[in-house]
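Worksheet: the structure to be examined is printed underneath.
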Amino acid sequence: MPEGPSIVILREALSPFKGKTVVEASGYAGIDYTRLSGRRITAIKSWGKHLLICFSGFYVRVHLMMFGSYFINERKRAGNPTLRLSFARDEVNFHTCNVKLFEGSPDDTYDWSADIMSDEWSAAGTKKKIKALKKNTSVCDLLLDQTIFSGSGNIIKNEVLFRTCIHPKSLSGSLPDKQLNALIKETRNYSFDFLKWKKAHVLAKNWQIYTKKECPRCQIPTEVAYLGKGMRITYFCNNCQQLYAS
DNA sequence: GATAATGTTAGCAT
DNA sequence: AATGCTAACATTAT
């Protein structure tokens with residue numbers, strides 16, 4: 001389900017629970033659920049694909065992975081939740097996700113400037129991190145690297161490379177400054193389009209290259225390949241996406 | 001019913 | 001020591 005923008009939607013949906021006290025927590029994540037009982041939620045935050053439910057002195061990280069789902073004041077038909085938070089009048093259920101409790105505050109460990117959806121996101125900081133990478137890092141891996149583009153996923157990768165006319169087999173160290181800047185800027189920009197379209201339930205309708213059989217610019221058939229370390233599916237146009245890999 | 005898909009990481013191997 | 005690869009996990013639509 002989730003790339004960064006989808007987690008922003010989740011964070012916003014849970015924002016009314018800030019200040020509320022957890023009456024009981026349960027599930028099969030294996031965390032110490034008793035820690036949450038009677039504790040007040042101090043903040044609902046997110047970092048990339050991580051949802052952070054914050055309490056005084058600790059926080060719970062929820063990662064929806066590939067198939068995670070959540071239900072607010074309703075329950076999934078089948079299956080037990082990984083995490084259930086029961087409040088006086090409400091209930092939140094998370095299914096099929098990775099849940100972990102951390103001591104301290106998210107500020108201790110998270111680099112907010114890496115989060116493509118954050119107010120603190122930094123283009124300059126992102127560029128600096130990319131420059132520090134090996135020059136032969138593929139742009140496919142780059143756009144899925146959560147320490148650099150926290151929240152970017154496979155859809156964002158595909159659409160951003162198409163929008164910036166960069167061939168997915170390009171290497172980070174071979175990108176001219178102009179293209180590198182465009183890549184960084186467009187990753188954030190598209191992510192906010194993603195958020196807007198996801199909220200309006202028209203995300204897939206606005207895909208230009210992802211899952212497409214034909215390039216919307218050239219009308220020639222798109223290429224499909226499994227690229228990068230993770231061999232993730234990649235759609236691109238061989239004609240209008242320029243290869244930088246000298 | 002098989003397949004593949006918006007993801008990550010522990011653990012082993014090099 | 002650092003890097004790389006694989007298996008594992010879990011759900012749902014096609």
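All values reported here derive from a predicted model rather than from experimental measurement.
- Checking the phosphate oxygens (OP1, OP2) of dG7(B), no side-chain nitrogen or oxygen of Gln146(A) falls inside 4.0 Å.
- Distance check on atom C1': dT8(B) versus dA13(C) gives 22 Å, rounded to whole Å.
- Residue Leu203(A) is out of contact with every strand shown, counting any heavy-atom pair closer than 4.0 Å.
- The closest donor-acceptor contact from the side chain of Lys198(A) to the backbone of Ala204(A) lies at 3.5 Å or more, if one exists at all.
- Listed pair Arg232(A) / dT6(B) meets the phosphate criterion, a side-chain N or O lying under 4.0 Å from OP1 or OP2.
- Asp145(A) has its CG atom 13 Å from the C1' atom of dT8(B), to the nearest Å.
- In this model, no donor atom of one side chain and acceptor atom of the other lie less than 3.5 Å apart for Lys129(A) and Thr147(A).
- Residue Trp47(A) shares its hydrophobic cluster (ILVMFWY side chains chained together at separations under 4.5 Å) with Leu52(A), Tyr59(A), Phe102(A), Tyr110(A), Trp112(A).
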Open item on the list: For a quick check, with a 4.0 angstrom heavy-atom cut-off, what is the B/S/- contact string for nucleotides 9-14 of chain C, read 5' to 3'?
Closed with: -BBS--
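- Regarding contacts with the backbone of dC5(C), every side-chain N or O of Lys229(A) stays at 4.0 angstrom or more from both OP1 and OP2.
- Not one N or O on the side chain of Asn158(A) forms a donor-acceptor pair closer than 3.5 Å with the backbone of Phe236(A).
- Atom NZ of Lys229(A) sits in a sparse spot, with 12 or fewer heavy atoms from other residues, nucleotides or ligands closer than 6.0 Å.
- Summarising the base pairing, dA1(C) is matched to no nucleotide, lacking a Watson-Crick or G-U wobble pair whose two defining distances lie under 3.5 Å.
- Phosphate contact (OP1/OP2 of dG4(C), side-chain N/O of Lys134(A), threshold under 4.0 Å): present.
- Note: CG (Asp141(A)) to C1' (dC5(C)) measures 13 Å, nearest angstrom.
- Under 4.0 Å is where a charged nitrogen must lie from a carboxylate oxygen, and between Asp141(A) and Lys134(A) no such pair does.
- The separation of dT6(B) from dT6(C), taken at their C1' atoms, amounts to 22 Å, rounded to a whole angstrom.
- Environment of NZ in Lys196(A): crowded, with over 12 heavy atoms of neighbouring residues, nucleotides or ligands closer than 6.0 Å.
- Protein atom NZ of Lys49(A) is 10 Å distant from nucleotide atom P of dT9(B), rounded to whole Å.
- Pairing for dT6(C) is with dA10(B), a Watson-Crick or G-U wobble pair whose two hydrogen-bonding atom distances lie under 3.5 Å.
- Distance CG (Asn158(A)) to P (dT6(B)): 8 Å, rounded to an integer number of Å.
- For Tyr226(A) and dA5(B), the shortest distance from a side-chain N or O to OP1 or OP2 is below 4.0 Å.
- At least one side-chain nitrogen or oxygen of Asn154(A) sits closer than 4.0 Å to the OP1 or OP2 atom of dT6(B).
- Between the C1' atom of dG7(B) and the CD1 atom of Ile155(A) lies a distance of 12 Å, rounded to the nearest Å.
- When Watson-Crick and G-U wobble pairs are counted only if both distances are under 3.5 Å, dA13(C) pairs with dT3(B).
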